[in-house]
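Reviewing the structure listed below.
Everything numeric here is computed off the predicted structure, so don't read it as measured data.
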Amino acid sequence: MAETVKDLELMDKIVSLCKRRGFIFPSSEIYGGINGFWDYGPYGARMKRAVEGLWWREMVETRDNVEGLDSTIICHPRVWKASGHLDQFSDLMTDCRDCKARHRIDQMENPTQCPNCKSANLTEPREFNLMMKTFVGPVFDEEHTAYLRAETCQPIFVDFNQVRVATRQKLPFGIAQIGKAFRNEINPRNFTFRSREFTQMEMEFFCDGEQGMEWFEYWKTQRIKYYKEKLGFTDDFMRIYEHEKLAHYAKAAIDIEVKFPFGWGELEGVHHRGTWDLTRHSEFSGEDLQYMDHDNSRKLMPTVIETSVGLDRSILALLCKAYAEDTADTQKEGQDTDVRIVLRLPALVAPIQAAVLPLSKKLSENAESLYRDLSRYFRTEFDVTGSIGKRYRRQDEIGTPFCITFDFDSVNDNAVTIRHRDSMEQVRVNVTQLRQYLEDQIGY
RNA sequence: GCGAGUGUAGCUCAGCUGGUAGAGCAUCACGUUGCCAACGUGAUUGUCGACGGUUCGAAUCCGUUCACUCGCUCCA
């Protein structure tokens with residue numbers, strides 16, 4: 001993880017831009033903020049929805065064998081017993097008062113002595129549990145304890161049979177879900193990269209165990225292709241990390257990692273989970289979750305291939321990849337050029353795809369009706385304030401790929417100028433062809 | 001959770017050894033301009049992170065607390 005001063009500055013610049021322009025800022029800030037929680041402002045929310053929509057379309061809408069689900073955040077507590085989260089997310093820890101090291105009790109040979117400095121001056125063991133706890137019903141006692149889901153995939157396993165029956169799907173098929181997950185991270189870090197409330201986009205693909213590795217390879221390829229083609233991630237920005245140490249139930253696992261300013265970080269996991277989850281939920285619930293294969297007259301426990309994306313991390317990766325500073329002409333006194341901050345976001349996910357800018361306020365009325373029309377098809381914004389150059393820069397900073405300038409000729413020739421964000425070049429397009437032009441450019 | 005650092009306007013920051021706050025940018029209005037943050041005039045903005053203490057008087061000193069950053073720890 002080779003960090004340079006420049007990278008750390010870059011991260012600060014991105015955080016600052018996010019706050020200044022309303023992408024992402026700390027939750028509950030007027031009360032001093034709350035650690036590990038972030039709000040998406042107007043541009044962030046639009047971008048988040050765009051990425052969600054892209055994933056949903058890619059994973060669900062365009063596939064016959066993947067179904068959607070929208071399950072609850074709070075599930076029966078036994079779900080988390082079965083999944084192993086209540087046991088594995090919970091550790092007894094002690095701190096050494098002398099050398100300040102922290103240790104897990106279950107990993108210490110002698111729980112009364114610090115393995116680091118041999119001191120016996122340890123704090124009382126305390127329970128660290130990453131599951132967020134709440135109570136269902138007005139009585140706050142152990143019996144009514146419930147947990148906010150630590151990942152969105154468990155309800156998918158729990159609802160597996162219901163979805164299968166309702167949709168008459170046969171193996172192989174998948175179930176996808178987008179939703180919030182919660183973890184009491186000990187130490188939230190790196191902006192939204194590790195937060196306590198976050199959004200996951202997960203798909204569990206159920207298949208015959210004999211084809212498990214083939215499907216694992218298939219989804220791995222599909223997901224890498226998605227990042228390259230839809231989000232424009234390049235080989236120097238993205239890498240595949242193959243797990244050497246696998247979870248006891250897993251057969252294979254890779255992480256798709258991205259180069260953040262603070263180092264490489266996981267964006268998505270593609271995991272071969274075997275039959276572990278469905279087997280556990282069968283055991284704990286007493287429901288037989290095996291699949292009846294009528295074609296071959298046999299019962300089998302489906303094997304699961306999981307693709308699991310952190311949506312917040314996707315947004316962060318897009319912003320990090322897109323952030324750039326270059327130079328542009330200026331009319332400022334004593335300067336020929338000026339620094340330009342520009343987000344080179346893919347047009348598919350840019351919060352604003354087209355900004356309609358009348359060259360003069362006198363043209364506002366005509367330009368605004370063009371804006372109304374375009375906003376039915378694209379994420380669009382209208383701005384008359386300040387000079388035209390200033391408005392271009394404002395749009396550059398939020399990553400708007402196309403600025404549509406309505407000028408004095410437009411009234412007569414029914415054409416507008418489209419200014420491209422990255423090249424700053426301009427083309428003249430007739431208003432009647434505008435929608436088609438933008439669709440082609442955006443790549444719908 | 002431990003250690004170190006930081007916290008002043010939307011942003012970046014200044015404020016010397018205590019005398020109750022400033023600059024640039026941004027934002028808004030008007031004028032001007034009409035294709036890359038132009039210019040002029042004017043306007044808005046802060047319980048100086050919070051609470052408490054010392055003091056005639058605290059942004060400034062002390063304590064506590066909250067948040068953030070970095071390191072450690074954690075990351076099924």
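If you check every strand for non-hydrogen atoms under 4.0 Å, A/Arg419 touches a base. A/Gly36 comes within 4.0 angstrom of sugar-phosphate atoms only, judged by non-hydrogen atoms across all strands, and of no base. Among the heavy atoms of the strands, none lies under 4.0 Å from A/Ser83. Within the 4.0 angstrom heavy-atom criterion, only backbone atoms of the sugar-phosphate kind lie near A/Ile388; the bases stay farther away.
Checking A/Arg421, A/Arg419, A/Arg391 one by one against A/Asp396, the side-chain hydrogen bond (donor to acceptor under 3.5 Å, both in side chains) holds for a single residue, A/Arg419.
Contact annotation: side chain of A/Arg183 to base of B/C75, donor-acceptor pair absent below 3.5 Å. Under 3.5 Å, the side chain of A/Asp396 and the base of B/C36 form no donor-acceptor pair of N or O atoms.
In terms of phosphate contacts, A/Lys362 brings no side-chain nitrogen or oxygen within less than 4.0 Å of OP1 or OP2 of B/G34. The phosphate of B/U27 (OP1 or OP2) has a side-chain N or O of A/Lys390 nearer than 4.0 angstrom. Checking the phosphate oxygens (OP1, OP2) of B/C70, a side-chain nitrogen or oxygen of A/Asn190 falls inside 4.0 Å. OP1 or OP2 of B/A38 sits under 4.0 Å from a side-chain N or O of A/Ser387. OP1 or OP2 of B/U27 has at least one side-chain nitrogen or oxygen of A/Arg394 nearer than 4.0 Å.
A/Arg394 and A/Asp383 are joined by a salt bridge, as a carboxylate oxygen and a charged side-chain nitrogen come within less than 4.0 angstrom of each other.
Residue A/Ile341 places its side chain closer to B/A37 than to any other of B/A37, B/C30, B/G34. With distances taken from any side-chain atom of A/Met424 to the nucleotides B/G10, B/C35, B/C36, the minimum falls on B/C36. Residue A/Arg20 places its side chain closer to B/C11 than to any other of B/A37, B/C11, B/G34. Distance from the side chain of A/Arg194 is smallest for B/C74 among the nucleotides B/C28, B/C74, B/C35.
Heavy atoms from other residues, nucleotides or ligands lying under 6.0 Å from CZ of A/Arg49 number 12 at most.
Pairing partner, B/A38: none, since no Watson-Crick or wobble contact has both distances short of 3.5 Å. The partner of B/C2, taking Watson-Crick or G-U wobble pairs whose two distances both stay under 3.5 Å, is B/G71.
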Fill in: Verdict with supporting geometry, A/Lys220 and A/Glu242, salt bridge (charged side-chain N to carboxylate O under 4.0 Å, His left out)
CA-CA 11 Å; A/Lys220 180 179 157 186; A/Glu242 309 225 4; 3.7 Å; yes

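Spacing of C1' atoms, B/C75 relative to B/U12, comes out at 34 Å, to the nearest Å. Here, B/G10 and B/U27 have their P atoms 15 Å apart, quoted to the whole Å.
The distance between atom NE2 of A/His85 and atom C1' of B/C75, rounded to the nearest whole Å, is 12 Å. For the pair A/Phe25 CZ and B/A67 P, the interatomic distance rounds to 19 Å; values are reported in whole Å.
Using cut-offs of 30° and 60° on the angle between ring planes, the pair A/Tyr437 and A/Phe402 is perpendicular.
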